[in-house]
Amino acid sequence: MSLKQMKKIELHLHLEGAAPPAFIRGLAAEKKIDIHRAFDERGHYAYRDFVHFLQVYEAATSVLQTPEDYARLLQAVLQESAEHGVIYTELFVSPDFCGGSDVAAWRDYLAALQSTAAEAEAKLGITARGIVTCIRHFGPDKARASALCAAETAGDFITGFGIAGDEGIGKPGDYLWSFDCAREAGLRLTAHAGEWGGPQSVRDAVRDLGVERIGHGVRAIEDLALVDELGERAITLEVCPGSNVALGLYPAWRKHPIETLRERGLKVTVSTDDPPFFHTTMTREYEELERAFGWDEAIFAEIHRNALDAAFCDTATRDRIAKDMELT
Ligand code: ADE
Ligand code: ZN
């Protein structure tokens, strides 16, 4: 079986970050919005560094203005994921971008997303769940509004709450109210940390916010006592190696710590983060991991087991995916 055909689980995918550049350019043309600065001469997203990446990401997102725009985007994203063998995916969605964190507007966006996801499940055999995500550099007040949207709509589709954005701004503890609000609504929790922040950022997210998964978390490798703590707490890492290499966190795939973290017993998983920005796909992630570390079917099965164990879905869904992937 080819790596492309292998059935996969993805836990860390930003919906807007998965938008193909041509899709965004098409919407921009329809709406007569000039965002040519977001692209290079070949039509790829163009950014200099992480902070500029976030700015380009938000410029691209500015053309997504209605529930229908988001429905079209989700349809395209799920189609692409399914083509790369993904049968279960969790998507980060932000009320900040979907109706400005107004609960009534958010409900309209969510209805469009949920019906698109149901259609994709029936037609393409891919199951999707949503993780409401606040944006760190938008600050704690905006995060509270997002958490309230999440709490109001927690259920079959919205199953998690998280935080993305610029780790250089503030501390995880600044967002405690939002995480408590989401937890009380029954949502499962994850936080981006240990990407641009060092090991302490991971420790803070785990201890102060009580998350069960960390987005990235790879810089935990710089503090082996923390690696042990993550192991004891059974924290799962949503590792996005291609994203880390593309953004210059590591100079090459072979230098990426995913294999060392796995060997030390941590529960690692593999995702693409924002695939067109990083010229990646789930297939490419798998191919590069095979090339860099000699990962084989047994290791990919271990990764799938980790992902399924940490997935923010109900038991019936988990059992169905396990059966489909022949995971025991
Ligand atoms: N938002 C989209 N991609 C992100 C990343 N890699 N880190 C933080 N926030 C993000
Ligand atoms: Zn991310």
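Not measured: the values here are computed from a predicted model. Quick note: residue numbers are just sequence positions, from 1. Just so you know, ligand 1 is whichever comes first in the structure, and atom 1 is the first atom listed for that ligand.
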Is the shortest N/O to N/O distance between E195 and ligand 1 below 3.5 Å? yes
Under the 6.0 Å and 45° cation-pi test, does R213 pair with F312? yes
Give the atoms of ligand 1, by number and element, whose distance to some non-hydrogen atom of D274 is under 4.0 Å. 2 (C), 3 (N), 4 (C)
Looking only at heavy atoms, is any part of F50 under 4.0 Å from ligand 1, and if so is it the side chain, the backbone, or both, or is it neither? side chain
Contact with ligand 1 for G165, non-hydrogen, under 4.0 angstrom: yes
Under the side-chain hydrogen bond (donor to acceptor under 3.5 Å, both in side chains) test against R129, which residue among T89, T317, D156 passes? T317
When the ring planes of H304 and Y286 are compared, do they come out parallel, tilted or perpendicular, using 30° and 60° as the limits? parallel
Please find out if the Zn ion (ligand 2) and some N, O or S atom of H216 are separated by less than 2.8 Å. no
Report the angle formed at the Zn ion (ligand 2) by atom NE2 of H192 and atom NE2 of H14, rounding to the nearest 10°. 100°
Any N/O/S atom, side chain or main chain, of C240 closer to the Zn ion (ligand 2) than 2.8 Å? no
So among I158, L110, I131, which one has a side chain to side chain contact (heavy atoms under 4.5 Å, CB included) with V93? I158
How far is atom 6 (N) of ligand 1 from the closest protein heavy atom, and which atom is that? D273 OD2, 2.7 Å
What is the closest protein heavy atom to atom 1 (N) of ligand 1, and at what distance does it sit? H14 CE1, 3.5 Å
Below 4.0 Å from any atom of ligand 1, is there a heavy atom belonging to H216? yes
Considering only NZ, NE, NH1 and NH2 on the basic side and carboxylate oxygens on the acidic side, decide whether R219 and E195 come within less than 4.0 Å. no
Near A164, which atoms of ligand 1 are under 4.0 Å from a heavy atom of that residue? 9 (N)
State plainly whether the residues R107 and E152 are in salt-bridge range, i.e. N to O under 4.0 Å. yes
State the atoms of ligand 1, each with its element, that fall below the 4.0 Å cut-off from a heavy-atom position in Y57. 2 (C)
At their closest point, which heavy atom of A128 faces which heavy atom of L91, and how far apart are they? CB-CD1, 4.0 Å
Assign the ring pair H12 / H216 to parallel, tilted or perpendicular, where the plane angle (0 to 90°) is split at 30° and 60°. perpendicular
Has R254 got more than 12 heavy atoms of other residues, nucleotides or ligands less than 6.0 Å from its CZ? no
Flag W196 as yes when one of its N or O atoms lies below 3.5 Å from any N or O atom of ligand 1, and as no otherwise. no
May I ask you to check if any N/O/S atom from D273 comes under 2.8 Å of the Zn ion (ligand 2)? yes
